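Following: one structure in structure tokens, then a few remarks.
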Amino acid sequence: MGTTSAQKKFGALLLTWHDTENERELPWKNEKDPYKIWLSEVILQQTRAEQGLPYYLKFTGTYPTVQALAAADDDDVFRLWQGLGYYNRCKNMLKAARYIALQNGGKMPQTYDELVQLPGIGTYTAAAIASFAYDLPHPVIDGNVYRVLSRCFAIKTPVDTTIGKSEIAVLASKLISGHPPARFNQAIMDLGATVCKPAAPICAKCPLETLCVASKQDLIQILPIKIRKTNVTERHFLYFVIENDNHIYIHKRGDNDIWANLYEPYFFEANTGSTDDIEILSRIQDSLNLNNLEVKMAGKLRQRLTHQLITSTFYVVSDPESKAMLPAGFLRVSIHELNKYAFPKSTLTFLTKKYMFKFH
Ligand code: SF4
């Protein structure tokens, strides 16, 4: 299929806006170091820019190069990541950094095809690194880009289907062609974030308004079209925080579930919806030898992950005489040293509040 006149005008209008009106400031903008671009993109997946910024600064300060990250201790990196959630991002980043250090002489790969082979680097991140660091013509396609393109060109194929994704990818490749890749990609993402917003786009300030079919045909509120609903599983976690002389007991989670390798107090997952179930509580008390100790419910927190809604209920047990019999693998940690460990978000919130420790 040839290029339409709207497609031909798109890039020039977008870049003129970028040069004259785009005021979006981000610390990683115009960054050319592929490692730092990668870091910013990994941090920004599922995280807002304002929330991600302090993490970006901490990571680039502590691990300024991919070699430094590759040589870091897992627990130190997880602790720095603490609060961002989605720990798989962090685990994959470490894995990829070590691959680069060991198999690629410590140098970031310089082509899209090599980048996309690395753990945790998908087409979006590979395109971002390839275009921003090396000015290669790969379009980045994130939620902002889906929105701008589906509205501007009235694409009604659902963007969360293979065919919809491919339609947008073909169009984006056509649009970026002949334009400076890094500037083009930055401009379209910024336009989506600041002008073509999901609920209330500011069409009067949009450089694409003369081309935009959605704006002319009153399709803004229905585009982009998505068909899939996310299935959410509800899970119910019980935690027993056993206190002993200003210490509590924690252990490292296994790696076959969410929050792999993070720390937590004694944990039990209830099959039923009720984490206050007397029968469950007394079974746990029996198994941990807590029967003569007072078990107090001290808090309940809910956390939404992409596919899971987790309710965590925290029980605190004071055990001055060390009666609790915990399974192997538990550490007795001073409450003043809890900041040396990485915890899942809800556990961290609970412990921080209860023991007033600072984790940064
Ligand atoms: S004119 Fe409005 S709907 Fe169209 S791309 Fe611009 S901001 Fe989005």
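What you see is a predicted model; the values in this text were computed from it and never measured. For ligands, and for the atoms within them, numbers begin at 1 and follow the listed sequence.
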Worksheet item: Has Arg79 got its NZ or CZ under 6.0 Å from the middle of the six-membered ring of Tyr341, at an angle within 45 degrees of the ring axis?
Response: no
Practice prompt. Apply the test ring-ring contact (aromatic ring centres under 6.0 Å, His included) to residues Tyr266 and Tyr239: give CA-CA distance (whole Å), side-chain angles for both, the deciding distance (0.1 Å), then the verdict.
Written response: CA-CA 6 Å; Tyr266 180 82; Tyr239 289 104; 9.3 Å; no
The criterion is salt bridge (Lys or Arg N to Asp or Glu O under 4.0 Å); which residues satisfy it with [X], sequence neighbours excluded?
{"X": "Arg98", "value": "Asp74"}
{"X": "Asp73", "value": "none"}
{"X": "Glu269", "value": "Arg235"}

Worksheet item: Is any protein N, O or S atom closer than 2.8 Å to atom 2 (Fe) of ligand 1, and if so, which?
Response: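 Less than 2.8 Å away from atom 2 (Fe) of ligand 1 sit Cys203 SG.
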Item to complete: Classify the ring geometry between Trp28 and Tyr56 as parallel (under 30°), tilted (30 to 60°) or perpendicular (over 60°).
Response: perpendicular
